[in-house]
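Order of the sequence lines fixes the chain letters, A, B, ..., with proteins taken first and strands second; residue numbering starts at 1 for each chain.
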Amino acid sequence: MLKFMKYEIRGTYRFILGVLVLAFILIAGIYNYATRGNSAGGNILVVLSVLLLFGIALVTFLHIVGSFRRELYEDTGYLTFTLPLTGNEIVASKLIVALLWFFLLGLMLALYNLLMLRIFARIDINIIEWLQTLAQFITTRQAVTLVIGAVIDGVSLLLLIYFSMTLSRVTFRNKKIGGFWFIIFLVLSALLSYGQFKVTSFLPYYLDLATLKIGTLESMDIFHLTIRQGLISFTTSQYINLAALVYQIVTMMALFFGTGHLIENKIDL
Amino acid sequence: MNKIVEIKNMTKKYFTKKALDNLSLEIDAGKIVGILGPNGSGKTTLIKILTGLLRQTEGEVFIDKHKVGVYTKSIVSYLPDRNFLYKWMRIEDAGQLFKDFYPDFDEQKFAELLAFMKLEKNMKIDTLSKGMMEKLNLSLVLARNAKLYILDEPIAGVDPVARDQILDAIINNYHENSSMLITTHLVRDMENILEEVVFLKEGKIVLTGDTETLRAEKGKQIDDIYKEVFASEEE
């Protein structure tokens, strides 16, 4: 599986580098105009650059998830699906590399923004101080939960896309209606969200991350008072619906194994 | 004799259309077998099922006594009828990929095949002509010491010089202990390397046998027998 990931990374890194260079140039332009003061031309350029950045983000997302689609619809599938790999290994490789790229892109853009703030706005952000300030409002447990939650959401989204693409390919042999996967994706998203809503309503028991108590929302405090180094701050608690969490994990696993099964046993190239 | 391929009552349907119809076939280890038939006869469907790119609707398929899956993919060296390599690659990357995934890949043999085909390791895949691409794909496939080679139309669409080179490469790099399945409708060019033939028509086997025996029985070359069997299709 690691070997397959290696080729997946080698196949996409040039595109990612190109995206980063383009995004860096646009961001530098935005900071440059934004810190020079108002001018009609400058404002238009800033707006255009921001729009272009959104465009780049969308194209990058589609390119990364499109790596999976290309295996299903292009001739390289004849290589990928005849390698001695299980369907699960192929899905896992694609998933991990996609997550790796999104993480790296996010990290690089965040660091670059800090650099731009320092150069153009003369704002020197000390990351450690910034994290210490943040820690007054959010506990470590909450921060870890937020990160894990974001990863689960990202993995679920990618798996739902992969599953929709594979189901579309397995159902319709005609490559011309390959875009049908998006309709399947929308329908499945709606169904899964409705399922999550029903599960949450049926089992309204939440875990309070601040106190680690389980109960209904009505039985819990909404705010917690925290006193640190003489500062008094209020932190809103995070509540996790346990049934919804289990539902999401089960759904995620079903989508993963379902995609692997379809690739291994149903795909018709 | 060991059977490398065993197909029992296999049918492949696309809705109501049968691409393969209750097909049964056994291939002995160590044989070069030609799957012959015109376009649409079911040759590629049969090969795709053997390589795991398609699933049969009914029946059973075994390669080296195993159902088609990860193991069979590791012992089958498959040449599809299209460019299956990633476009960003150079020839050396393609060789490295085969080395990474197939323990039976012989780097030395690959280098010899590339030299024979007049291909350079640093050539980019997306700059190769169709003939060069076919030669590269064949070099990769033959550089493996696989139990079963499956070649789908290996000489279709290439010029006569490249065709001869490809045929020479197949003859010179074929292992006695391995088996080879070749689909083609260019029978005249291929018949001298085939030990057995299977004639496919509308998803069914209409004739099969040892090439020498068939030639003796019919008093004709395999190419002429092919024309006779499929005469109605060509008209």
Verify the neighbour count for atom NZ of K109(B): are there more than 12 heavy atoms of other residues, nucleotides or ligands below 6.0 Å? yes

Over all atoms of both residues, closest heavy-atom pair of R55(B) and E264(A): NH1-O, 3.0 Å

From R82(B) CZ over to T76(A) OG1, what is the distance, rounded to the nearest 0.5 angstrom? 11.0 Å

Go through V70(B), N83(B), I49(B) and name the one with the most non-hydrogen pairs under 4.5 angstrom from chain A. V70(B)

Can you classify the ring geometry of F101(B) versus F4(A) as parallel (below 30°), tilted (30 to 60°) or perpendicular (above 60°)? perpendicular

Should we count CE of M253(A) as having more than 12 external heavy atoms under 6.0 Å? no

Contact summary for D268(A) and K12(B), nearest pair of heavy atoms: OD2-NZ, 3.1 Å

Main-chain N/O of F81(A) paired to K73(B) side chain as donor or acceptor, under 3.5 Å: yes

Engaged part of Y71(B) at the chain A interface, taking heavy atoms whose separation is under 4.5 Å: neither

Strictly below 4.0 Å, N to O, side chains only: are K87(B) and D75(A) in salt-bridge contact? no

At a heavy-atom separation under 4.5 Å, does I263(A) approach chain B through its side chain, its backbone, both, or neither? backbone

Look up atom CG in L79(A) and atom CG in L85(B), then write down how far apart they are to the nearest 0.5 Å. 6.0 Å

Do you know which two heavy atoms are closest between K6(A) and D100(B), and how far apart they sit? NZ-OD2, 2.8 Å

Quick check: are there more than 12 heavy atoms from other residues, nucleotides or ligands sitting under 6.0 Å from CE of M252(A)? yes

To the nearest 0.5 Å, tell me how far W88(B) CH2 sits from Y7(A) OH. 6.5 Å

Do the side chains of T82(A) and V76(B) get nearer than 4.5 Å, heavy atoms only? no

Evaluate the side-chain contact (heavy atoms from CB on, under 4.5 Å) criterion for residues D93(B) and R10(A): first the C-alpha distance (whole Å), next the side-chain angles of each, then the deciding distance (0.1 Å), finally the verdict. CA-CA 10 Å; D93(B) 298 319; R10(A) 289 187 68 185; 2.8 Å; yes

For the NZ atom on K65(B), are there more than 12 heavy atoms of other groups (residues, nucleotides or ligands in this structure) within a distance under 6.0 Å? yes

So which heavy atom on L53(B) is nearest to which on Y78(A), and how close? CD1-CD2, 3.4 Å

Please enumerate all residues that pass side chain to side chain donor-acceptor pair (under 3.5 Å) together with T80(A), with sequence neighbours excluded. E71(A), Y86(B)

Trace of the side-chain contact (heavy atoms from CB on, under 4.5 Å) decision for L54(B) with L269(A): CA-CA 7 Å; L54(B) 271 184; L269(A) 288 189; over 6 Å; no

Of all of F98(B), Y14(B), F84(B), Y78(B), which one pairs up most often with chain A through heavy atoms under 4.5 Å apart? F84(B)

